[in-house]
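When reading the values below, keep in mind they use all heavy atoms of this one structure, side chains included, and skip hydrogens, waters and symmetry mates.
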Amino acid sequence: MPVLLVIAHGSRDPRHAATVHALVRRVRSTRPGLRVETGFLDFNVPSVPAVLESLAAEGVRDIVALPLLLTRAFHAKADIPAVLRAAPARLRIRQAEVLGPSPLLLTALERRLYEAGLTPADKSSTGVVLASAGSTDPEAGAVIAEIAREWRHTGWCAVRPAFASASLPRTEDAVRELRALGCARVAVAPYVLAPGFLPDRIARGAAEADVLAEVLGPAPEVARLLLERYDAARVPTLAALGA
């Protein structure tokens, strides 16, 4: 069975790494027989190259590298493939797909909103801001907008995308737009995995909202999604091994 290497961005904010490790612990507890390692692209240790070198030195051959990312932006398209290409040659590595979009993420977003005080009965009168970190990659922004459109059809009064960087509107602008639409209450759902600089900007932008949900973090749906992406990526590896 290939090792699952979770590749996180990393942050100077210690809450980021703590949340990543909490999510990885949930993945391990969900599938106890699977070896799961964590590597960071920047700021935190162990780095991805260090983990790959260590695994190769142990004699590990097969790895599924899973980007802990919600959209296919620059890190998934360029940074991570470059790091994996530089790995020891004896490693067989498959890069899994990024986490989003997925129905499991919408379920996790709603979990966080309900934990923040909403109930399913509130949906039809509540406008939601789907607040993401933002990206200069137009594909990533289009995906967020499409998720907001799809989520609206599940019963919310309205859903608007917002971005903490790179794109508009900002969270506070989307909150005001939903107020102007006549939604009885406005909730902000951070479409981010871990705390940090941009999630804090989202929180500040939610000052005029009625409800601010927590980041997705180690939600059980996110752990399940990691395993779905792992399973989808490892099939060719198992086939190549004759399994």
Side-chain angles (χ1 to χ4, degrees), residues 6 8-9 19-20 22-24 26-27 30 66-73 76 96-135 137 139-164 167 169 171 174-175 177-178 181 183-196 198-199 202-203 205-206 209-233:
V6 175
H9 183 276
T19 303
V20 170
L23 174 58
V24 169
R26 186 178 284 275
V27 172
T30 303
L66 195 159
L68 199 59
L69 301 168
L70 295 174
T71 58
R72 272 185 50 77
E97 289 296 324
V98 297
L99 299 181
S102 167
L104 283 170
L105 291 174
L106 290 182
T107 304
L109 286 165
E110 294 199 351
R111 170 190 291 276
R112 293 301 188 224
L113 287 169
Y114 297 150
E115 289 171 350
L118 294 179
T119 71
D122 296 324
K123 290 183 77 168
S124 63
S125 59
T126 301
V128 179
V129 178
L130 179 68
S132 74
S135 171
D137 188 312
E139 178 187 346
V143 167
I144 299 301
E146 179 60 26
I147 292 169
R149 284 191 292 270
E150 291 181 5
W151 201 15
R152 162 69 181 84
H153 296 310
T154 66
W156 296 100
C157 173
V159 180
R160 293 290 185 271
F163 306 91
S167 303
T171 301
V175 169
E177 181 184 353
L178 290 170
L181 283 174
C183 297
R185 67 183 63 78
V186 176
V188 174
Y191 190 64
V192 293
L193 287 165
L198 293 177
I202 290 171
D210 301 294
V211 173
L212 171 62
E214 292 291 331
V215 300
L216 293 167
E221 296 84 3
V222 180
R224 283 175 53 201
L225 182 54
L226 262 70
L227 291 170
E228 281 192 5
R229 295 292 188 254
Y230 168 80
D231 289 335

Engineer: Closest approach of Ser132 and Ile202, non-hydrogen atoms and distance?
Structural biologist: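 Closest approach of Ser132 to Ile202: O-CD1, 3.8 Å.
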Engineer: Any side-chain to backbone donor/acceptor pair from Asp122 onto Thr119? Under 3.5 Å, distance only.
Structural biologist: yes
Engineer: Quick one, Pro120 and Tyr114 - any side-chain contact, counting heavy atoms below 4.5 Å?
Structural biologist: yes
Engineer: If you look at every heavy atom in Cys183 and Cys157, which pair is closest and at what distance?
Structural biologist: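 Shortest heavy-atom contact: SG-SG, 2.8 Å.
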Engineer: For Asp210 and Ala187, indicate whether the former's side chain and the latter's backbone hold a donor-acceptor pair under 3.5 Å.
Structural biologist: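 Such a contact is absent between Asp210 side chain and Ala187 backbone.
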Engineer: Could you check whether any side-chain heavy atom of Leu226 comes within less than 4.5 Å of a side-chain heavy atom of Leu99, counting everything from C-beta outward?
Structural biologist: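 Yes, their side chains come closer than 4.5 Å.
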Engineer: Crowded around Glu221 CD? As in, over 12 foreign heavy atoms under 6.0 Å?
Structural biologist: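 Counting neighbours around CD of Glu221, more than 12 heavy atoms of other residues, nucleotides or ligands fall under 6.0 Å, so yes.
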Engineer: Does the pair Leu109 and Val128 meet the rule for a side chain to side chain contact (heavy atoms under 4.5 Å, CB included), with working shown?
Structural biologist: CA-CA 10 Å; Leu109 286 165; Val128 179; over 6 Å; no
Engineer: Run the side chain to side chain contact (heavy atoms under 4.5 Å, CB included) test on Ile147 and Leu130 for me, step by step, so that the C-alpha distance in whole Å, both residues' side-chain angles and the decisive distance to 0.1 Å come before the verdict.
Structural biologist: CA-CA 9 Å; Ile147 292 169; Leu130 179 68; 3.7 Å; yes
Engineer: For Ile144 and Pro161, which heavy atoms make the closest approach, and how far apart are they?
Structural biologist: CG2-CB, 3.9 Å
Engineer: What's the spacing between Glu228 CD and Leu225 CG if we round to 0.5 Å?
Structural biologist: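 That separation rounds to 6.0 Å.
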Engineer: Any idea which heavy atoms bring Arg229 and Val98 closest together, and the distance?
Structural biologist: NE-O, 2.8 Å
Engineer: For residues Ala213 and Ala189, report the shortest heavy-atom separation together with the two atoms involved.
Structural biologist: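 Scanning both residues completely, I find the closest heavy atoms to be CB-CA, 4.3 Å.
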Engineer: Please tell me if the side chains of Leu216 and Pro190 come closer than 4.5 Å, counting only heavy atoms from C-beta onward.
Structural biologist: no
Engineer: Evaluate the side chain to side chain contact (heavy atoms under 4.5 Å, CB included) criterion for residues Leu193 and Val215: first the C-alpha distance (whole Å), next the side-chain angles of each, then the deciding distance (0.1 Å), finally the verdict.
Structural biologist: CA-CA 6 Å; Leu193 287 165; Val215 300; over 6 Å; no
Engineer: Identify the heavy atoms of Ala219 and Ala108 that sit nearest to each other, and give their distance.
Structural biologist: CB-CB, 4.1 Å
Engineer: Roughly how far, to the nearest 0.5 Å, is OH of Tyr191 from CG of Leu70?
Structural biologist: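 Nearest 0.5 Å value for the CG-OH distance: 5.0 Å.
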Engineer: Could you check if a side-chain atom of Val27 sits within less than 4.5 angstrom of a side-chain atom of Val6, using non-hydrogen atoms only?
Structural biologist: no
Engineer: I want to check something: taking the side chain as every heavy atom from C-beta on, are Leu113 and Trp156 in contact at a cut-off of under 4.5 Å?
Structural biologist: yes
Engineer: I'd like to know if Arg112 and Glu115 make a salt bridge, using a cut-off of under 4.0 Å between side-chain N and carboxylate O.
Structural biologist: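 Answer for the salt bridge query: yes.
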Engineer: Would a 4.5 Å heavy-atom cut-off, applied to side chains only, mark Arg111 and Pro220 as touching?
Structural biologist: yes
Engineer: With heavy-atom distances below 4.5 Å as the criterion, would you say the side chains of Leu198 and Val192 are in contact?
Structural biologist: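 No. Closest side-chain heavy atoms not under 4.5 Å.
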Engineer: Which distance, rounded to the nearest 0.5 Å, do you find between the CZ of Arg224 and the OG1 of Thr107?
Structural biologist: 7.5 Å
Engineer: Start with the C-alpha gap between Val143 and Glu146, add the side-chain angles, then the distance that decides, and say whether side chain to side chain contact (heavy atoms under 4.5 Å, CB included) holds.
Structural biologist: CA-CA 5 Å; Val143 167; Glu146 179 60 26; 5.7 Å; no
Engineer: So do the side chains of Lys123 and Thr154 get within less than 4.5 Å of each other, counting heavy atoms only?
Structural biologist: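 Result yes, sub-4.5 Å side-chain heavy-atom pair found.
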